[in-house]
Amino acid sequence: MVQQLDKVDVVTVGVGWTGGIIAAELAKAGYNVVGLERGAEQKTEDFLQTKDELRFDSRYELLQNLSNETVTFRNTPDMTALPMREYGAFQLGTGLGGDGVHWSGVTWRFLPYDFEIQSQTVEKYGEDKIPEDMALQDWGITYEELEPYYDTFEKTAGISGEENPFGGFRSDDYPTPPMKETPALRLFKETTTEMGYQPFMAPSANPSETYTNPDGKRINQCQYCSYCSRYGCDFGAKSDPIVTVIPTALETNNFELRTYSNVTEVLHEDGVATGVRYTDLTTGVEYEQPADVVVLTSYVLNNARLLLQSELGQPYDPETQTGSVGKNYCYQLEFSGQGFFEKQYNMHMGAGDGH
Amino acid sequence: MTDKKTGKPGNHQQEGITRRTFIKNTGLITGGLVGGGLLGGLLGNQLGTGTETSTEEHGHGATHRYEEARMFFKRQGDFRVLEMVTETIFPEDGNGPGAIALGVPYFIDRQLAGNWGSNTRDYMQGPFEEGTDTQGYQSSLTRGEIFLQGIRLINQISTSDYDEAFVDLEEQDRVAILTEFSEGNAEMRGVSSSRFFSLLRQAVLEGAYCDPLYGGNREMAGWRMKGHPGSVMSYLDVIQEEDFVEMDPVALKDHNH
């Protein structure tokens, strides 16, 4: 028996960075927001006295438990999709704050070109540059339109950094200066500068100094302890949703957080979402939460799956290249290099993704 | 030596008894390279004053580690092979202790008895298909089952190809057998031997460098060898230092007063 709940203005599916930002901004504006999070509540105290490589870096304790639920994948349509049985490079988050809790805090802005990659490529190189089977298209929004939101996010999260010499227009500097440079970084900078390159410090959500954001939330100065990726920060020194937007939303009293709440369907009428159905994972009881606005704020694969399960939108068909649900998925790509040096560096110290 | 004093029977009287002979005769531990406090403790128990040399040699006190007994491996023989395998992968040398002295075999035994060995956080439901190389691990075997099968196969190959138990082989022959496993040339059921070897290698390194709370990295000796200071709360004051900063390692126990 599905239990009917009272209608709210907005419901978010998942409460990580995107769910948290939407909850904070709309709750501050006076809307009633409910956040449905399938995982557990967590806070900074969870990470005190647990700087444990085996537990978090090797056994992935903060990631989704794959025994309950995983993804299947294939490289080409004629292969049989098989489940990802254990973790490798591809890692799924879960819990309040989502990946934002155990991320490494690297916070690039896209380049203006990225938003108009199709039209700018054609403009510069001609139609023939894009192969026929390459599903390249413009985003439909431009960097200039998005710039004020980048700026707001960077100020909410206290991002440390310096101007990207190849980046788009910035309405303001980063709210905190770039992070400290290690000898290895200095060597890299000197060498690449001599080679004619323009190295600069990557933007980082590990603030270089203690910072209070416009909502009054404090993010501590990074201690360079190196327990970043796949860990929560024990010092509140990594900008994440649980020290910024989620407490901001909760303080308005317009935001209600429900953990262990797994959304299984977006309800809709005439193509318009009217609410969600979800299960309380602790009791097994199903609920329907009506809302004027439903925001899909879980990981992109879960968002796409939810749309497909709910029969909303047109599924992408790679044969005919029609439809949009599930189209153009792209995982993050990172590049790094390793070398052997005569000198012994303090490589166990550092922050973010690079140690 | 001291049998008259202790009144214990046996043939340990002769001078110059080797550690190896001792270990074989006691039937308690083996592997030839047992180091650290456990050996000291057993020598102390069984041979009375015979302990001094060994204890000094390894620089540890004679601690009897009650927490070191088998949780996963039922047969002692299998555990002996595991010990020798770990020591072959991570041998004692001029840099410091090897896998056995670091507690790695017991670390692995515990890990196999727990979530990791039972794959409790992995997707282990059928249907099982082999898949392509890009689709990753698809076996229905748990890590515990893979270890048990692999460890026994190592000893079988040793016996059939070298006419000796793995624990009695010279290092070069032990390395040759493990190399065959790492290259996927040993025939295992339901899993490749290279997969087994990569798990084995991973577990040995984890046991050597994990926080000592898990029973490996005994006395933080693994960290000390690498100059790794463990779980330090802050490097803020030293992050920009040009030279390598020597620090006494810190374990999680030190954060939990």
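Lettering of chains follows the sequences in order, A, B, ..., and the numbering in each one begins at 1.
Residue contact with chain B, scored on non-hydrogen atoms closer than 4.5 Å, is absent for A:Ala237. For A:Gln344, the parts sitting under 4.5 Å from any heavy atom of chain B are the backbone and the side chain alike. Heavy-atom distances place the backbone of A:Thr50, and not its side chain, under 4.5 Å from chain B. In this structure, chain A has heavy atoms under 4.5 Å from both the backbone and the side chain of B:Gln125. Residue B:Thr120 touches chain A through its backbone alone, counting heavy-atom pairs closer than 4.5 Å. At a 4.5 Å heavy-atom cutoff, A:Phe235 makes no contact with chain B through either its backbone or its side chain. Contacts of A:Phe73 with chain B are made by both backbone and side-chain atoms, with heavy-atom separations under 4.5 Å. With a 4.5 Å cut-off on non-hydrogen atoms, B:Tyr214 touches chain A through its side chain but not through its backbone. At a 4.5 Å heavy-atom cutoff, the contact between B:Val245 and chain A is made by backbone and side-chain atoms alike. For B:Met124, the part lying near chain A is the backbone, with the side chain staying farther off; criterion is any non-hydrogen pair under 4.5 Å. Of the atoms belonging to A:Arg186, it is side-chain heavy atoms, and not backbone ones, that fall under 4.5 Å from chain B. Both the backbone and the side chain of A:Asn65 come within less than 4.5 Å of a heavy atom of chain B. Within the 4.5 angstrom heavy-atom criterion, atoms from both the backbone and the side chain of B:Ile239 approach chain A.
Of the residues considered (B:Gln138, B:His255, B:His228), B:Gln138 shows the highest number of contacts with chain A, using heavy-atom pairs under 4.5 Å. When B:Thr132, B:Asn256, B:Asn119, B:Asn115 are compared by the number of non-hydrogen pairs under 4.5 Å with chain A, B:Asn256 comes out ahead. Interface remark: of the candidates B:Pro229, B:Pro127, B:Gly131, B:Pro229 forms the most heavy-atom pairs closer than 4.5 Å to chain A. Each of B:Asp243, B:Asp237, B:Leu252, B:Leu213 has some count of heavy-atom pairs under 4.5 Å with chain A, and the biggest count is that of B:Leu252.
Applying the 6.0 Å contact sphere to CD of A:Glu45 captures no more than 12 heavy atoms from other residues, nucleotides or ligands. In this structure, A:Tyr316 places its OH atom where more than 12 heavy-atom neighbours from other residues, nucleotides or ligands lie under 6.0 Å away. Counting heavy-atom neighbours within 6.0 Å of A:Lys43 NZ, excluding the residue itself, gives a total of 12 or less. Within 6.0 Å of atom CG in B:Asp133, 12 or fewer heavy atoms from other residues, nucleotides or ligands are found, so the atom counts as exposed in its surroundings. Within 6.0 Å of CZ on B:Arg152 lie more than 12 heavy atoms contributed by other residues, nucleotides or ligands. Heavy-atom neighbours of B:Lys74 NZ from other residues, nucleotides or ligands within 6.0 Å: at or below the threshold of 12. Enclosure of atom OH in B:Tyr137 by more than 12 non-hydrogen atoms of other residues, nucleotides or ligands within 6.0 angstrom is indicated.
To the nearest 0.5 angstrom, B:Glu242 atom CD is 7.0 Å from A:Tyr345 atom OH. A:Arg55 CZ to B:Cys210 SG: the interatomic distance, rounded to the nearest 0.5 Å, is 13.5 Å. To the nearest 0.5 Å, atom CG of residue B:Asp254 and atom CD of residue A:Gln49 are 11.0 Å apart. Atom OG of B:Ser234 sits about 10.0 Å away from atom CE of A:Met349, to the nearest 0.5 Å. In this structure, CG in B:Leu236 is found 11.0 Å from SG in A:Cys225, a value given to the nearest 0.5 Å.
Of all heavy-atom pairs between A:Arg85 and B:Ser139, the closest is CD-O, 4.3 Å. B:Arg121 and A:Tyr60 get closest at one heavy-atom pair: NH2-O, 3.0 Å. When every heavy atom of B:Tyr123 is checked against every heavy atom of A:Pro83, the shortest pair comes out as CD2-CB, 3.7 Å.
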**Request:** Kindly indicate, with the supporting measurements, whether the criterion side chain to side chain contact (heavy atoms under 4.5 Å, CB included) is fulfilled by B:Met233 and A:Asp234.
**Result:** CA-CA 9 Å; B:Met233 293 297 283; A:Asp234 58 349; 3.6 Å; yes
**Item:** Trace of the side chain to side chain contact (heavy atoms under 4.5 Å, CB included) decision for B:Gln240 with A:Tyr224
**Value:** CA-CA 10 Å; B:Gln240 292 174 300; A:Tyr224 301 88; over 6 Å; no
**Request:** Dump the intermediate steps for side chain to side chain contact (heavy atoms under 4.5 Å, CB included) on A:Leu54 and B:Trp116, then the final yes or no.
**Result:** CA-CA 11 Å; A:Leu54 190 72; B:Trp116 191 70; over 6 Å; no
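Within the 3.5 Å criterion, the main-chain N or O of A:Thr80 finds a donor-acceptor partner in the side chain of B:Gln135.
Using a 4.5 Å heavy-atom cutoff, the side chains of A:Lys180 and B:Tyr235 are not in contact. Side chains of A:Met79 and B:Thr134 form a contact here, defined as non-hydrogen atoms less than 4.5 Å apart.
The list of salt bridge (Lys or Arg N to Asp or Glu O under 4.0 Å) pairs with a residue in residues 190-213 of chain B, not counting sequence neighbours, reads A:Arg59-B:Glu206, A:Glu86-B:Arg195.
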